[in-house]
2 protein chains.
Amino acid sequence: MKKQSTEIRQKQIKEAFLDIIHSDGLKSLSTRNLSKKIGLSEGSIFRHFASKQDIILAIFSDVDRDFIDSLRIIANSSESPEKRLSKLLCRTVTYLVDNKGVTMLLFSEASHNNDTELKTRLLHIFNSQKKLVSKIIHDGIAIGTWDESLHVDNIAMLYMGIPVTVNIELILNGGQFHSQNFCQQMMTLLERILNKENA
Amino acid sequence: MKKQSTEIRQKQIKEAFLDIIHSDGLKSLSTRNLSKKIGLSEGSIFRHFASKQDIILAIFSDVDRDFIDSLRIIANSSESPEKRLSKLLCRTVTYLVDNKGVTMLLFSEASHNNDTELKTRLLHIFNSQKKLVSKIIHDGIAIGTWDESLHVDNIAMLYMGIPVTVNIELILNGGQFHSQNFCQQMMTLLERILNKENA
DNA sequence: TACTTTTGTAAGCAAATACTCACACCAATG
DNA sequence: CATTGGTGTGAGTATTTGCTTACAAAAGTA
């Protein structure tokens, strides 16, 4: 096998890692299989990552950078709160479908190994989303479109159930998810909660 | 070790199984540890269960019988739809807290092993709940308390996010969940969606 | 009592796992 | 050119895993 820089190899390893999760499930996720998939020796993998857990942590960082950052941009844009919340939800659903259950499977890995570091990282990703939702709702209340008597935390919690449920459906239905207009429909329900006139 | 009937041993094994999940996490869930916990030899465990997976399946059956059946009784009672939906939700949250993340951890096990049988059983438990929720909502629409223009499936989906999110909080926060009035508060939000006057 | 059945055990198996190591190669640098 | 340092490899390690098996002993039954 031709030599490559650590940077390139790390990228390949992370990609193969997610590929295996998607196609064969977590149980096939051994360093043996990983090396086979890439066509690299097992020893080489440990040249570019100190441990298997390090690979997972690197993927978490990617999720943080790619996904959470894109949500942050939406949440902080100058559009109306309704628009922002809707976009946030749709972006989340799209991401989950495009990255077929990866977050949930990593979640599964985290609870399987009862790993504190992994759990902390997951909690961070989870809470980051919740905070962005809360922010948008607060904005909507501040400008008077949404009901000020609402408990924002509760709605954020209810909101978080949506992506999580999408994840579960994805896993249990083997990656299938029929989501035409799904996020719009959920948004309609959320607005029934948020809108002022609905006492 | 004194001899005991298979019935008693199976019960002990299932209990120890859940104990280990709760106290040490899934990674410690080996037949070796299981036998140590009970004080029985490892060979004995395989005398009472054909395989490790059989233990998990037996626990699923227990959940089905104890938990889902109790939900079914609530859903089919003669109380008002509001009351039934509220009780259903509260019962679910209570069960999840009392059985600290067990369903989710079994879920983790199912997706970890990519096991079709386990996934099917989980899907069944998941869908059973969804159906009961749908039934109650349909009843509420039929008697005129709730808005007939609602897409029942969507609300059932939104509802399912609540217990699932509770599970996640339980796992990520190490079994802590501050749920005073939690289910009532969620119920308040759901009613804002369901009630007729909220166009 | 004599038998059969059920339950218990210790030892051990084959397979898989994450990870290491001694060594080979290659490219860049002095 | 010689040196150095990063990259690749195959064989090997120790450990863990789910599960089996040969046999002992207790419990049930005649």
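Keep in mind the model is a prediction, meaning the values are calculated, not measured. By convention in this document, chain letters (A, B, ...) are assigned in the order of the sequence lines, proteins followed by strands, and residues within each chain are numbered from 1. Atom set for the values below is all heavy atoms of this structure, side chains included, hydrogens, waters and symmetry mates excluded.
For A/E148, the salt bridge (Lys or Arg N to Asp or Glu O under 4.0 Å) test picks out no residue, with sequence neighbours left out. B/E15 pairs by the salt bridge (Lys or Arg N to Asp or Glu O under 4.0 Å) definition with nothing, not counting sequence neighbours. A/R9 pairs by the salt bridge (Lys or Arg N to Asp or Glu O under 4.0 Å) definition with nothing, not counting sequence neighbours. Legend: residues meeting salt bridge (Lys or Arg N to Asp or Glu O under 4.0 Å) with B/E169, ordered by chain and number and at least two apart, are A/K130.
The distance between atom CZ of B/F49 and atom C1' of C/dT7, rounded to the nearest whole Å, is 15 Å. Separating the CG atom of B/L29 from the P atom of D/dC19 is a distance of 12 Å, rounded to the nearest angstrom. Distance B/I38 CD1 to C/dG8 P: 10 Å, rounded to the nearest Å. Rounded to whole Å, the distance from NZ on B/K36 to C1' on C/dG8 is 19 Å.
Counting any heavy atom pair closer than 4.0 Å across all strands shown, A/I45 reaches no nucleic acid atom. Within 4.0 Å (heavy atoms only), B/I55 reaches no atom of the nucleic acid at all.
Listed by residue number, the members of residues 2-13 of chain B with any heavy atom below 4.0 angstrom from DNA chain C are B/K2, B/K3, B/Q4, B/S5, B/T6, B/R9.
Relative ring orientation between B/F182 and B/F177 is described as perpendicular, the plane-to-plane angle rising above 60° on a 0-90° scale split at 30° and 60°.
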Where do N or O atoms of nucleotides 19-22 of chain C meet protein N or O atoms at under 3.5 Å, pair by pair?
from: C/dC19; atom 1: OP2; to: A/K52; atom 2: N; distance (Å): 2.8
from: C/dC19; atom 1: N4; to: A/E42; atom 2: OE1; distance (Å): 3.3
from: C/dC19; atom 1: N4; to: A/E42; atom 2: OE2; distance (Å): 3.1

